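Scroll down for the structure; my scribbles are underneath it.
Values in this document were obtained by computation on a predicted structure and should not be read as measured data.
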Amino acid sequence: MAEEKFLGTGMKFPPQINPTTGRFTCVSGMESIKESVYLILMTQRTERFMRPEFGSNVTSYVFSQMDATLLNLMAQEIASDIMRNEPRVEDVNVAMDDRSKPGCLFVNVGYTVRGKNVRENMVFPFYLGEEPEKESEAYETMEEYSE
């Protein structure tokens, strides 16, 4: 019970209303951490007025020429952004896959939850040069590849 309290509870992303109670849907535990990592990657650093250090600069790479050096630099930057912004995780590993889908870079983020010794991972689709048609499409793709 104490370890679940450590993992916390928060609003689901994207925000949803529970139709039976009329309240915002909440997530807790491991799902809360996964959504937090997703928010870190989707938030441009300095975007949040009260927390300018929150987020990452991953969107600044959208129109860059992708080569091995840049992919390695991105992986290191993403890992340090997650470690800096998410205190519930440790041992963050980031791997890039730029060959699965043209115009899309899949960022595979692996991490260990502190105190639980549980290894989790998620895949973040990073579109090169263009946005996905719908925001929900990007999030569904992430869930599809994380299993």
Side-chain angles (χ1 to χ4, degrees), residues 1-16 24-147:
M1 188 69 164
E3 61 190 37
E4 286 298 319
K5 198 174 222 180
F6 167 72
L7 295 178
T9 300
M11 257 180 45
K12 180 160 182 52
F13 182 80
Q16 298 173 0
F24 283 107
T25 304
C26 293
V27 293
S28 59
M30 304 298 263
E31 187 66 23
S32 175
I33 293 174
K34 190 174 280 192
E35 289 188 3
S36 175
V37 170
Y38 181 76
L39 283 173
I40 291 167
L41 295 176
M42 290 297 294
T43 304
Q44 178 69 26
R45 199 173 299 145
T46 70
E47 182 178 331
R48 292 190 177 185
F49 180 70
M50 298 300 283
R51 289 191 59 201
E53 74 285 349
F54 182 82
S56 70
N57 285 328
V58 72
T59 57
S60 64
Y61 294 104
V62 169
F63 295 107
S64 300
Q65 180 64 35
M66 290 294 153
D67 59 0
T69 303
L70 187 67
L71 292 176
N72 192 21
L73 179 67
M74 267 180 83
Q76 290 177 355
E77 188 173 334
I78 288 170
S80 68
D81 289 339
I82 292 170
M83 291 292 292
R84 185 182 69 249
N85 290 299
E86 182 50 75
R88 299 174 290 181
V89 300
E90 60 188 0
D91 190 29
V92 177
N93 296 319
V94 178
M96 306 289 190
D97 178 13
D98 61 343
R99 295 185 180 99
S100 295
K101 184 176 177 183
C104 185
L105 174 68
F106 289 106
V107 180
N108 186 357
V109 179
Y111 53 87
T112 304
V113 177
R114 289 185 194 267
K116 289 194 81 146
N117 201 22
V118 174
R119 190 86 180 142
E120 286 286 320
N121 70 337
M122 67 177 280
V123 176
F124 176 77
F126 180 67
Y127 292 91
L128 307 171
E130 63 181 54
E131 292 287 322
E133 291 181 19
K134 297 185 294 187
E135 183 69 27
S136 61
E137 183 179 303
Y139 196 66
E140 289 168 4
T141 305
M142 180 196 72
E143 290 174 353
E144 175 183 315
Y145 284 95
S146 67
E147 293 175 356

Close side-chain approach of [X] and [Y], heavy atoms under 4.5 Å:
X	Y	answer
D97	N108	no
V62	F126	yes
K101	P125	no
L105	M74	yes
E120	I33	no

Looking only at heavy atoms, what is the nearest atom pair of [X] and [Y], with distance?
X	Y	result
K34	N121	NZ-O, 3.8 Å
M11	V27	O-CG2, 4.1 Å
F54	N85	CA-OD1, 3.4 Å
R119	Y111	NH1-C, 3.2 Å
L70	D67	N-OD1, 3.0 Å
S28	T9	CB-OG1, 3.3 Å

Quick one: pull up [atom1] in [X] and [atom2] in [Y] and give me the separation to the nearest 0.5 Å.
X	Y	atom1	atom2	result
E35	M42	CD	CE	13.0 Å
L73	Y61	CG	OH	4.0 Å
T43	R48	OG1	CZ	5.0 Å
I40	S56	CD1	OG	8.5 Å

Go through it in stages, so that I can follow the logic: the residues are M96 and V107, the test is side chain to side chain contact (heavy atoms under 4.5 Å, CB included), and I'd like the CA-CA distance, side-chain angles, deciding distance and then a yes or no. CA-CA 5 Å; M96 306 289 190; V107 180; 3.7 Å; yes
Using a 3.5 Å distance criterion without hydrogens, assess whether the side chain of D91 forms a donor-acceptor pair with backbone atoms of N93. no
Is there a donor-acceptor pair under 3.5 Å between the side chain of R84 and the backbone N or O of E53? yes
Who are the side-chain hydrogen bond (donor to acceptor under 3.5 Å, both in side chains) partners of T25, not counting sequence neighbours? none
Please identify each residue that fulfils side chain to side chain contact (heavy atoms under 4.5 Å, CB included) with N57, with sequence neighbours left out. Q44, R45, S60, E77
